[in-house]
Amino acid sequence: MQLLIFYILAFGAVISALLMVTSKKPVSSAMSLIATMVFLAGLYVLLDAHLIAALQLIVYAGAIMVLFLFVIMLLNVDEKEGRMAGNTILLQFGAILAIGLVFIMMVSLVKSGGTLLVFGEGADQFGTTKAVGKLLFTEYLLPFEIASVLLLAAIVGAVILAKRRIDDPDQKERIIPGHKG
Amino acid sequence: MLADMIESIAKILFIFGMNIGFFAPVLGWVERKQSAVMQDRIGANRADIFGFTVIGLFHSIADAIKVLTKEDFIPTGANKFFHTAAPFISLVPAIVTFCVIPFGGRYTLFGHDVNLVISDLDVGLLFIFAFSSLATYGAVLGGWSSNNNWSLIGGLRASAQMLSYEVAMGLTIIGVLMVYGSLKLTEIGVMQENFFRWGIFMQPLGFVLFLTCAIAENKRAPFDVPEAESEIVAGYFTEYSGMKFVMFWMGEFLEIVTISGIVTTLFFGAWHLPFITDQMLLSFFQFAGSNGASILAMLVNIATFFIKVIFFIWMQMTIRWTLPRFRYDQVMKLCWKMILPLSLINIFITGLVFLR
């Protein structure tokens, strides 16, 4: 039963990932990427990582991809724009890199004898919010904090890029109090 | 094993029957009749069967027949696939999210442990957020795929509004999670057995902010700018008719029910009556034997839960017909400049209280 669900989810993920790359319309591409993420969330559920699955749906499928779609729709991106057709060297490099990564993963999978997860103490607690939270705030506190600082820097950068400049004459009339631009 | 299966099927049938069979059609009637009463009109009263109108309730049946026989219209130049998929994307999350909300406690019936929630997930609350965030795509794709500028504007408004309020909504309930220390909705429900431990007393600000965000997330007045009739025809579902239109509409009504369920579970004691613990309820019904007492207590708890849910549905309907629509920039300002900072302050104060 579990194997069947795994195959359905895995094939769904691969097929929608292929659709994302091959489809010509930007909105179809974005929707295929969302489908891939939903299937991946299903795979996380199979691996007992419920928290990660929920976060995958909330953060990636729910928030980030909505922004993608928003931008695509707002700019009304045409299907002719933004193709990488001419840049063959870059494409070749990317393909080699991807194949190399898959190879490395396969080798490590075979070497480990098919078992990637080693359950220690509290295996029944695996993947619960409490277990993940405890790990994040004790053993992996430093990487967690570094990631937070990185995100904070990104937020500050976004605010600086997006804010209206008071000394900019073009935008001066838009910041008069009471006047709605 | 068999008992487990029967229990699961019974719970699923009960919740689906309650939501799709009862709440969705009846709320359609309530929406009209309540608006009529509030605006000093008579409201729907014409549909009758053998002369009986039952204060317009038969309009639900008439609506169903009308919708099923209506032409399914797809405008030229529309993207057929996404135009068809959008109503499903907005309806399915509304149906699915109710399965982590407990509508009763735990009971022992004939030696079998019954837990009145369809799926008792460890990440219960996050599950609701995950699926309600997917509902955004229904509105966005519906607006984009219709090949209509009003629809596109509606879709754009919906995407920005729902995304913003999702962020704020996530922060408004952090206080509740800090108080109860769990994401599991059944655990949160159990911890509210004591009347003075109800969420509304622990997190009054959190309740107001959450309800505001939830109504905005559901795109209902006063936050219905994505479908503002006076500006953009009907927004993202301008080009929808027949069954597909009704799916958007049902999604909206089912989300009202889900919001009421979450509010009841998080802030208003879930299935508990005030001042009455589960033990008191069981001993009160002791005359019916231990199984009979369990069944009676279960029925009382389910009734309590749904009465609370119906109260919050009524409250949302009243808000919807009381307040005029906000302007779009006001909606966004309310989210980012008022609700977000207030919820952060709420988290901070809750943290201070716990540190003390």
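Residue numbers start from 1 in every chain, and the chains themselves are labelled A, B, ... in the order their sequence lines are given, proteins ahead of strands. A quick note: this is a predicted structure, and the numbers were derived from the prediction, not measured.
- For the 3.5 Å distance criterion, the side chains of S132(B) and E217(B) fail to qualify, holding no donor opposite an acceptor.
- Annotation: residues 161-178 of chain B contacts chain A through L163(B), E166(B) [non-hydrogen atoms, separation under 4.5 Å].
- H83(B) and Y240(B) have their aromatic ring centers within a separation under 6.0 angstrom.
- Of the N and O atoms on the side chains of E252(B) and N218(B), not one donor lies less than 3.5 Å from an acceptor on the other residue.
- For a residue to count as touching a neighbouring chain, one of its non-hydrogen atoms must lie under 4.5 Å from one of that chain's; by this rule L156(B) touches chain A with backbone and side chain alike.
- Interface residue F129(B): backbone and side-chain heavy atoms are both found under 4.5 Å from chain A.
- In this structure, F248(B) and F237(B) have tilted ring planes: the angle between them lies in the 30° to 60° band.
- Using a 4.5 Å cut-off between heavy atoms, M65(A) touches chain B through backbone and side chain atoms alike.
- Of the two parts of A135(B), neither the backbone nor the side chain holds a non-hydrogen atom closer than 4.5 Å to a non-hydrogen atom of chain A.
- S29(A) and S23(A) are linked by a side-chain donor-acceptor pair at a separation below 3.5 angstrom, with hydrogens and angles left out of the test.
- When the candidates I58(A), L67(A), L57(A) are compared by the number of heavy-atom contacts under 4.5 Å with chain B, I58(A) comes out ahead.
- Atom OH of Y60(A) sits in a sparse spot, with 12 or fewer heavy atoms from other residues, nucleotides or ligands closer than 6.0 Å.
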Can you give me every donor-acceptor pair (side chain of residues 185-192 of chain B, partner residue at least two apart or in another chain, under 3.5 Å) with its distance?
residue, atom, partner, partner atom, Å
T186(B), OG1, D120(B), OD1, 2.8
T186(B), OG1, D120(B), OD2, 3.2
E187(B), OE1, S182(B), OG, 2.8
Q192(B), OE1, G199(B), N, 3.3
Q192(B), OE1, G269(B), N, 2.8
Q192(B), NE2, I188(B), O, 3.4
Q192(B), NE2, T265(B), O, 2.6
Q192(B), NE2, L266(B), O, 3.3

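- Only the side chain of F82(B) comes within less than 4.5 Å of a heavy atom of chain A; its backbone N, CA, C and O stay farther away.
- Interface remark: S159(B) contributes backbone and side-chain atoms alike to the contact with chain A (heavy atom separation under 4.5 Å).
- You'll find the side chain of D122(B) stays beyond 4.5 Å of the side chain of L183(B), heavy atoms only.
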Would you give me the side-chain donor-acceptor pairs under 3.5 Å for residues 136-150 of chain A, sequence neighbours excluded?
residue, atom, partner, partner atom, Å
T138(A), OG1, K134(A), O, 2.6
S148(A), OG, F144(A), O, 2.8

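- Neither the backbone nor the side chain of I153(B) comes within less than 4.5 Å of any heavy atom of chain A.
- Legend: residues meeting ring pair (Phe, Tyr, Trp, His ring centres under 6.0 Å) with F127(B), ordered by chain and number and at least two apart, are F131(B).
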